[in-house]
Structures are given as C-alpha cells and as structure tokens.
Amino acid sequence: MAGSRRIPHPAWGAAMSPLLYFALPVLATYIMVSIFFLRRPRLLHPPRSPAFQGHLAAHRGGSGERLENTMAAMENSLAQKADLLELDCHLTRDGVVVVSHDENLNRQSGLNKDISSLDFKDLPLYKEELEIYFSPGHFAHGSDRHMIRLEDVFQRFPQMPTIVEIKEKNDELIHKVAGLVRSFDRNKITIWASEKSSIMKKCKAANPEMPISFTMGRAFWMLVLYYLGLLPFVSLPEEFFLCFLPTIINRTYFPFSCSWLNKLWAAVTKWFIMRKSLIRHLEERGVQVIFWCLNEESDFEAAFSLGATGIITDFPTALRRYLDHHNQQP
C-alpha cells in the first residue's frame, strides 16, 4: 500500500544485536593493539643494526655535477661526504659488468646500440653534456667521459656503500654482480635493488648475504598491510625502502605521458605514502627509508620532515650543504 512503512522484522534485530555487541569490541581491541605495536615494533621484532646509514646517496654517482656514472662523478660525491652511491648495471657482449643507467647507448653517447651488443673496449664515450633527468632543462658536463666497470668502482671505493639496481632478468649479469661483491668482501655494504620481484628473487638466490630493497610489488603489499593494521605482525626481510617523493611528480618527474594521470598519481601516492607513522615504524624495524630523486631544498625539507633516513640526489653538494646547515647527519 502506498505510504505504508516497512516494519523491521523482530527476528532480524534480535540476530544483529549480539553480533554487534561482539564485533564492535573485537574491532576496537584489534585497532588498539595494532596501533600499540605499530608504535612499538621492537616488542615483536628485534631491531637490526645496519652496517651504515644512507643519509646522502648520489644518484647515478652524482649525475648533476659531473657526467653520470663516471669515476669523476663518484669522486666528486665522495668529496661531499656521500654515504651511498646509486648505480645501474648492464652486461657487455664479452661479459663485463658495466655501470650504466641505459642498456641502449643512444641517449648517453649518440650511438644507437645496446651495451650487450658490444665488447667493453668498444664502448663509446659519453656525450660532452647530458640532461639531468630529474632536473629537466639542466645539463651536466665533465672532462671524464669514460664508461666504467662495476669492478672499477669496487676497486677505487672499497668501503663505499653502493646500491646496485638490476633492471633486466639476466642470470649471467646477476651472478657476476654477486660474485664481484663476494670477491671484494662487500656483502654487507652492497644493496640489491630492482623494481621487479621476479628479478629480486634471482638476486637473493645469487647472494643472500646482501641487503635488499623493496620491489614495487612488495612496497604495494607493505602499504596494504599498513592500512589494514597488519604490518606490525608481519616480518620484513627488506632493509631499504627506496621510494620516490610524490610531490616531485609534474615538476621533475613525469611517470605518465598524460598530465591528468600524473596529477592523479601524485594525489594518490601522496595520500598513501607520506605517513610519518609508517616511516617511523619502518625505521624502528631497521628499514632505511630513502626518497629519490630530490634536487631542491624544498624537497629535502619535505623528505626529512617525514622522518626519512636519507635522500638520493643528483646534486651531492646541495644536499651536503643542507645536511650541514640543518644538522641532519651526525
């Protein structure tokens, strides 16, 4: 009948009441326990003692002040008291592990060939100037234009902690990197990094003594656990969370070709990632949180205000100046 009201069935209300009386206290207890252990993770997980603290990490060896991945760039970064080098590696045709961000040499040298198609002795020189990826419109210069081997880095800087990112699923490359790390006794100060979990699995198998960083898949899963309140109760084998700072999207970092996708990605990731409680929890558990790739003082400020351990930058001199001025590094 029009205008009539549906009267709740008495049995329905009777069934729901006990359920609510039981569920609400359980949910409240779970939330309080989760928050308690989120703030006190060492009660469940023994703290790890890192071999080093990565406050100032030089991106591509310090690619804003010298040509990327050259020995000159790395020496300049060490002069600025960098704690960490960030490098990418590829394999030449004759099996040499080369420090290079790109597999294809066109951007770096003008030669449109892959590193894997050339012997090490035939690799070209870098261009005289290279645009700094995370500072569009700015260029790095340098007289040292030679590509170098990972072995050269380990020989020149035997005690320098280094992130080695593996971009391709190349078993030979992975095993050669693992072998070099062992032969130079760098197991504790050389970090496996890769975006892909399938590659990281191979890296861990090749040298399980090396510390590892979160892959994209593992980082997403970690964030899901955090928002579900389960992160305090789950073990984390990773020792480094290398994460981009969402505020650099649309300014120095353009992950998508569509501007609206970049804006959406910036808003979503900023909401999910920039949580002091999350970063504090990770660091209490021995996970160093390092934001990349930051080249401006406002970004340094944003990262350290969140509680970040350190920053990956193209400009080690600028970050050193900031750290010294703000007493961010002991």
Side-chain angles (χ1 to χ4, degrees), residues 30-57 59 83-84 86 161-165 188-197 200-201 203-204 208-249 268-294 299-313 319 323 328-330:
Y30 167 71
I31 292 172
M32 288 189 293
V33 170
S34 177
I35 292 173
F36 178 83
F37 284 112
L38 184 74
R39 295 176 176 176
R40 300 168 181 83
R42 296 186 181 185
L43 295 177
L44 295 178
H45 307 279
R48 291 179 288 201
S49 300
F52 65 93
Q53 290 283 328
H55 300 287
L56 195 169
H59 183 238
D83 309 297
L84 186 60
E86 187 274 339
T162 305
I163 299 168
V164 177
E165 182 171 358
K188 301 302 181 185
I189 62 170
T190 310
I191 305 152
W192 284 124
S194 182
E195 291 184 351
K196 299 178 180 179
S197 296
M200 183 60 75
K201 184 177 180 180
C203 293
K204 288 170 61 179
E209 295 182 60
M210 292 168 59
I212 62 174
S213 60
F214 279 90
T215 63
M216 289 185 67
R218 283 283 299 169
F220 177 78
W221 181 236
M222 180 264 291
L223 288 169
V224 170
L225 292 174
Y226 168 73
Y227 283 102
L228 290 177
L230 295 170
L231 186 59
F233 312 108
V234 177
S235 62
L236 297 175
E238 294 87 358
E239 295 182 39
F240 292 86
F241 181 35
L242 310 177
C243 180
F244 72 92
L245 189 72
T247 53
I248 69 173
I249 295 177
V268 171
T269 53
K270 181 179 179 180
W271 191 89
F272 272 99
I273 295 172
M274 299 180 75
R275 291 286 180 265
K276 287 186 178 181
S277 60
L278 170 62
I279 294 172
R280 187 184 307 115
H281 177 83
L282 291 174
E283 293 194 332
E284 283 286 317
R285 293 181 61 173
V287 178
Q288 297 190 45
V289 179
I290 303 178
F291 283 103
W292 58 262
C293 177
L294 312 185
D299 296 326
F300 302 161
E301 185 68 34
F304 285 121
S305 68
L306 287 169
T309 309
I311 287 170
I312 296 175
T313 184
L319 181 52
L323 290 169
Q328 289 281 358
Q329 183 174 353

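Sequence positions, counted from 1, serve as the residue numbers for this chain.
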Side chain to side chain contact (heavy atoms under 4.5 Å, CB included), that's the test. Do I279 and F291 meet it? Break it down for me.
CA-CA 11 Å; I279 294 172; F291 283 103; 3.9 Å; yes

Begin from the C-alpha positions of D83 and L56 and carry the test side chain to side chain contact (heavy atoms under 4.5 Å, CB included) through to its verdict.
CA-CA 5 Å; D83 309 297; L56 195 169; 3.8 Å; yes

Test log, rule side chain to side chain contact (heavy atoms under 4.5 Å, CB included), inputs L282 and M222:
CA-CA 10 Å; L282 291 174; M222 180 264 291; 4.0 Å; yes

Where do I311 and L323 land on the side chain to side chain contact (heavy atoms under 4.5 Å, CB included) test, with the steps shown first?
CA-CA 10 Å; I311 287 170; L323 290 169; over 6 Å; no

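Evaluation of the side-chain contact (heavy atoms from CB on, under 4.5 Å) rule for E239 yields R48, P211 as partners, not counting sequence neighbours. Partners of V33 under the side-chain contact (heavy atoms from CB on, under 4.5 Å) rule, at least two apart in sequence or in another chain, are T29, F37, F233. Remark: T190 pairs with F154, V164, V181, R186, M210 by the side-chain contact (heavy atoms from CB on, under 4.5 Å) rule, at least two apart or across chains. Legend: residues meeting side-chain contact (heavy atoms from CB on, under 4.5 Å) with K188, ordered by chain and number and at least two apart, are A51. Residues satisfying the side chain to side chain donor-acceptor pair (under 3.5 Å) criterion with R42, sequence neighbours excluded, are E284. Not counting sequence neighbours, Y30 has no partner by the ring pair (Phe, Tyr, Trp, His ring centres under 6.0 Å) test. In this structure E165 satisfies the salt bridge (Lys or Arg N to Asp or Glu O under 4.0 Å) test together with K167, sequence neighbours excluded.
Of the inter-residue distances, the one linking I163 atom CD1 with I191 atom CD1 reads 4.5 Å to the nearest 0.5 angstrom. In this structure, CG in L278 is found 8.0 Å from CG in L38, a value given to the nearest 0.5 Å. The CZ atom of F214 lies 14.5 Å from the OG atom of S194; values are rounded to the nearest 0.5 Å. The distance from atom OG1 of T309 to atom NE2 of H55, rounded to the nearest 0.5 Å, is 7.5 Å. In this structure, CG on L84 lies 11.5 Å from NE2 on H59, to the nearest 0.5 angstrom.
With hydrogens and angles disregarded, a donor-acceptor distance shorter than 3.5 Å links the side chain of T313 to the backbone of L294. Counting only distance, with no hydrogens or angles, the side chain of Q288 and the backbone of G54 share a donor-acceptor pair below 3.5 Å. Side chain of H45 to backbone of P232: a donor-acceptor contact under 3.5 angstrom is found.
Applying the salt bridge (Lys or Arg N to Asp or Glu O under 4.0 Å) rule to pairs touching residues 220-229 yields nothing, sequence neighbours excluded. Each side-chain hydrogen bond (donor to acceptor under 3.5 Å, both in side chains) pair with one or both residues in residues 218-229, not counting sequence neighbours, appears once here: R218-E238, Y226-S277. Note on residues 268-278: no pairs pass salt bridge (Lys or Arg N to Asp or Glu O under 4.0 Å), not counting sequence neighbours. Judged as a salt bridge (Lys or Arg N to Asp or Glu O under 4.0 Å), not a single pair has a partner in residues 219-229 (not counting sequence neighbours).
Taking all atoms of both residues into account, the shortest heavy-atom contact from S34 to G229 is OG-O, 2.6 Å. Contact between S213 and A193 at its shortest, heavy atoms only, is OG-CA, 3.3 Å. For the pair F52 and I189, the tightest heavy-atom approach, listed with the atom from each and the gap, is CE2-CA, 4.0 Å.
Heavy atoms from other residues, nucleotides or ligands lying under 6.0 Å from CD of E283 number more than 12.
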Going by atom type alone, with no hydrogens or angles, which donor-acceptor pairs under 3.5 Å involve a side-chain atom of residues 240-248 and a protein atom two or more places apart or on another chain?
none

